[in-house]
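Comments concern the structure below.
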Amino acid sequence: MATEHETTDDGADEESPLPLGVSVAAAAVAAAVVLPVLWLVRTGLSVGYAEALALLTRPTTVQVFVNSAILVALTTTTCVLIGVPLAYLTVRTDIPFRRFWTVVVSLPLVIPSYVGAFAFVSAFGPQGGFQRFLAPLGIERIPEIYGLEGTVLILTLYTYPYVYITARASLKSMDTTLIDAARTLEHDRWEAFRRVTIPQIRPAVAAGALLSALYVLADFGTPSIMRYDVFTRVIFVEFGTFGRDTATLLSLQLVAVTLFILWLEARVRGEERTTAGGRSRATLSLGAWRYPAMGFATLIAGLALAVPVVILLSWLGTATASVNQSLAFQWSYVTNSVVVATAAAAVAVVAGLPVAYLSARYDGFLPTAFERISYVGYAVPGVVLGLALVYFGSQYATPIYQTLYLLVFAYVIRFLPQSVGSLRASFLTVDPELPEAARTLGQTSAGAFRYVTLPLVAPGLFGGAALVFLTTMKELPATLLLRPSGFTTLVTHIWTAYESGYFGQAAIPALVLLFVSGLSMLVILRQEGYDVK
Amino acid sequence: MDESQDFSRRPNRRRFLQAAAAAGIVGVAGCNTPGEGTETSTETDAGSVDGDTPEQIGSGRSPFGDRDISDGVSMQEMPDLEGELTLYSGRGQALVGELVSFIEDLYPDFTIRPLYNSAAELVNQIETEGQNSPADVFYSVNAGALGALEDRGRTQSLPQEVLEFVPASFRASSGAWIGTSGRARSVPYNTDTFAESDIPTDIMSFPDVSAFENELGWAPTYSSFQAFVTAMRILEGEEATRQWLTDMQDLGVSQYADEFQVARAVADGEISAGLTNHYYIQRVLARRGLSAPLRTTFTQNDAGAIFNVAGACVLDTAEDDTLASNFVRHLLSAEAQDYFARTTFEYPLVPEIEPIGRLPAIDELNPPEDLDLSQLSDLEATIDLLRETGVL
């Protein structure tokens with residue numbers, strides 16, 4: 001945690017030079033993220049200009065590009081439209097069973113989107129369970145679930161929590177006295193929300209939306225199951241034909257698209273302000289609106305959670321009939337998953353601190369560059385990142401190749417933006433004058449950070465760690481490529497069972513995954529409870 | 001359940017019934033599919049279906065004790081295995097994990113470190129690892145991936161006595177790799193809609209069959225499908241293949257993510273026929289019971305009937321090539337060959353071991369003559385063609 005100590009001696013003057021220690025730490029993190037991309041560039045360059053151009057201008061490539069863009073835009077929009085109201089409801093209103101809803105609407109994040117997609121197809125596809133249920137009523141066709149609409153639906157249901165969690169962390173640590181002030185200035189509630197709350201949470205919402213957008217861009221499983229042609233699919237097909245070079249080239253194109261999205265997000269993020277730390281827990285009384293509010297939360301959580309859980313349970317019921325011995329469930333899968341996910345979460349938060357801190361507190365090229373760079377690993381498809389690290393590991397880091405160290409390293413590169421985004425949003429809500437004040441009262445810079453800044457950013461810190469933990473738990477492609485031989489996690493086991501058609505055997509690990517991840521969510525919420533109040 | 005023997009000759013029957021009484025047909029099809037879900041709830045214990053040999057399909061019992069294996073070479077007669085072996089398996093753990101553990105457990109001083117992933121990713125991984133690859137043996141789902149490694153000079157020749165286990169057409173002429181089990185391209189069809197005689201025996205004539213309109217399914221991202229198109233390119237030429245792909249799309253062929261899905265969709269009646277490897281049909285039948293309205297047929301002597309192999313090679317980075325090639329030899333043992341027949345529903349390649357299920361014997365199949373399986377690794381031109389025609 002050496003970096004944290006460094007972070008405190010800067011005060012908060014945006015004109016002051018960058019603190020050296022933090023900058024070095026952030027630069028090191030950025031360099032680590034760039035490493036796999038360098039391999040991409042290297043391999044991409046070897047493809048040759050003519051072929052590269054032909055490939056990128058092919059009509060089908062253009063078509064999937066357009067498809068991807070539409071999918072990302074639609075999904076991100078719906079994520080914001082669902083995530084922000086839910087965050088507001090669970091932080092700022094007197095919605096009954098608030099803690100319950102907080103947990104429940106965060107939970108879809110624990111379900112891998114490809115499992116969700118398959119469950120939906122299983123339930124709502126042609127000849128699916130839902131149609132059979134309706135068949136006696138004479139209903140022979142239900143609306144087509146495949147295609148763009150279905151893909152947007154699934155990806156929204158399983159990525160809106162990114163927006164929800166970052167928006168929620170920001171709302172929690174936001175100073176509500178400002179709203180009171182706005183109210184005394186005779187703004188109505190909506191006006192106060194628009195003029196005070198929205199600008200305050202915008203960076204966090206933008207960060208969450210960015211995570212959703214990048215997830216959608218890099219996801220292969222869902223569009224594939226939902227039969228919607230996107231970018232990642234072309235890459236997948238190339239890999240399937242041993243066209244490693246071409247796939248790499250296309251991945252570079254995907255990285256370029258990511259950079260564009262990052263640029264876009266920076267514009268949406270808007271003017272950021274830092275304010276005093278959270279005080280006052282004024283809540284909005286919903287009155288009769290409680291019921292529609294609960295209905296909204298129930299609808300979202302019901303669709304996202306109940307459908308896969310019911311499907312998984314129905315698979316469970318059929319698992320006993322034909323048990324495949326080599327697919328018998330073992331508890332070591334749970335331990336393996338939890339160990340690597342915990343390690344990845346811890347490292348990602350520590351690595352994210354200097355990057356987030358610099359970016360929140362300082363303007364200028366380097367802080368911005370470090371933060372932007374930290375997102376790049378997130379957009380490289382898992383399979384490409386995995387291969388890049390296979391190359392790096394087997395050529396330059398043989399002692400850690402096919403060990404858990406390299407695996408955790410991959411997770412950190414891939415999910416760093418989740419901790420950076422969350423931490424950064426929290427740093428922005430801490431008034432820089434607070435640690436200053438602590439120092440005038442005789443605290444060391446480290447002490448000021450420890451006793452003032454850290455507790456205030458704790459929600460973001462735990463939120464970030466939680467995101468990394470949960471996404472690591474369900475990460476698949478990089479795990480398959482980088483895990484040590486014989487190392488099985490919950491998802492690799494689910495994948496093995498699902499891929500070979502033994503769905504019954506996928507049910508137990510999937511339900512355990514849901515349970516463990518759900519538990520972690522509870523722990524985090526509890527932790528937050530006494531850190532910020 | 002009683003639908004299985006009802007071989008309607010009228011291709012339009014299904015559409016008629018669907019319009020008139022969709023609920024009814026769904027109800028009948030759903031007889032052996034209690035609960036909800038599509039295929040998953042139908043994992044009925046195939047052992048409970050009464051009948052003869054095929055009832056063993058998919059049983060959870062040990063794959064090594066259920067039928068007499070009188071021919072072939074037993075593992076007992078093979079050289080002992082000793083030491084550590086890193087196996088990169090492009091075949092799933094669910095399918096071959098039991099076999100791998102069995103071989104490992106047979107010898108006290110033998111350890112296998114398996115790494116399971118898709119064959120293509122493992123080929124890319126081996127290539128990326130270069131000379132630092134820890135892999136000793138690569139076990140592949142298809143000849144294409146093995147051929148790809150051979151093309152890149154990453155294989156070493158297997159001993160002649162290992163190669164001689166299978167007929168020459170099921171191994172690389174260079175001796176770089178050997179097939180361990182076989183997979184035939186096939187046509188699954190729904191018996192509620194079609195009779196076997198409704199399915200043409202010539203793959204090139206499929207687009208001309210009006211009854212196939214909007215009734216066919218395929219999985220173009222699947223490697224075996226791509227191998228099939230590659231074979232068509234080689235056998236019929238680029239232009240004819242392009243035309244065929246275009247005509248098939250005009251016919252309204254449905255696209256699926258994998259061939260297991262195609263076979264399930266045919267059994268569900270979502271489509272009436274498709275293009276899949278033969279064992280996907282067997283797997284669906286193993287779960288739903290033989291009463292499911294799904295049967296296998298084959299085209300004759302054309303790309304639609306190619307017979308590909310799963311197989312293995314010893315890598316140039318293998319630490320102990322004798323151990324590695326002796327491990328490959330074990331995959332050709334009578335026990336392993338029988339395991340493939342009963343557990344993965346593939347064709348054993350060692351001639352003495354019989355296939356299982358409602359499958360014709362290997363010599364009753366009519367794959368195209370004079371097609372070298374190694375040629376099927378040439379996928380690039382196939383992908384280009386699939387792209388140009390808009391299939392991918």
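In what follows, chains are A, B, ... by sequence order, proteins preceding strands, each numbered from 1. These figures come from a predicted structure and were not determined experimentally.
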Would one find more than 12 heavy atoms of other residues, nucleotides or ligands at under 6.0 Å from atom CZ of A:F329? yes
Just give me the residue among B:D384, B:T221, B:L379, B:N124 that pairs up with chain A most often, heavy atom to heavy atom, under 4.5 Å. B:N124
How far does CG of B:L87 sit from OG of A:S485, to the nearest 0.5 angstrom? 9.0 Å
Work out which heavy atom in B:L115 is nearest to a heavy atom in A:Q402; give both atom names and the distance. CD2-NE2, 3.8 Å
Measure B:E388 against the heavy atoms of chain A and call it side chain, backbone, both or neither at under 4.5 Å. neither
OH (A:Y146) and CD (B:Q255) are apart, to the nearest 0.5 Å, by 12.0 Å
Taking all non-hydrogen atoms of both residues, which atom of A:R483 and which atom of B:Y116 are closest, and how far apart? NH2-O, 2.7 Å
Any idea which heavy atoms bring A:Y401 and B:P134 closest together, and the distance? CE2-CD, 4.1 Å
For B:E129 and A:Y391, indicate whether the former's side chain and the latter's backbone hold a donor-acceptor pair under 3.5 Å. no
Part of B:A265 lying under 4.5 Å from any heavy atom of chain A: neither
Report which part of B:R91 has an atom under 4.5 Å of a heavy atom belonging to chain A: side chain, backbone, both, or neither. neither
Nearest 0.5 Å, please: how far is OH in B:Y256 from OG in A:S224? 13.5 Å
If you look at every heavy atom in B:N117 and A:W495, which pair is closest and at what distance? OD1-CH2, 4.2 Å
Can you tell me which portion of B:Q125 sits under 4.5 Å from chain A's heavy atoms? Options are side chain, backbone, both or neither. both
Near A:R42 CZ, under 6.0 Å, is it more than 12 heavy atoms from other residues, nucleotides or ligands? no
Of the backbone (N, CA, C, O) and the side chain (C-beta and beyond), which part of B:I383 lies under 4.5 Å from a heavy atom of chain A, both, or neither? side chain
Is it the case that more than 12 heavy atoms not belonging to B:Q249 sit under 6.0 Å from its CD atom? yes
Would you confirm whether B:E121, through its side chain, and A:L387, through its main-chain N or O, come within 3.5 Å as a donor-acceptor pair? no
Using every non-hydrogen atom in the two residues, find where B:T128 and A:S394 come nearest and quote the distance to one decimal. O-OG, 3.9 Å
For each of B:Q226, B:E127, B:Q131, tally heavy-atom pairs with chain A at distances under 4.5 Å, and name the one with the top tally. B:E127
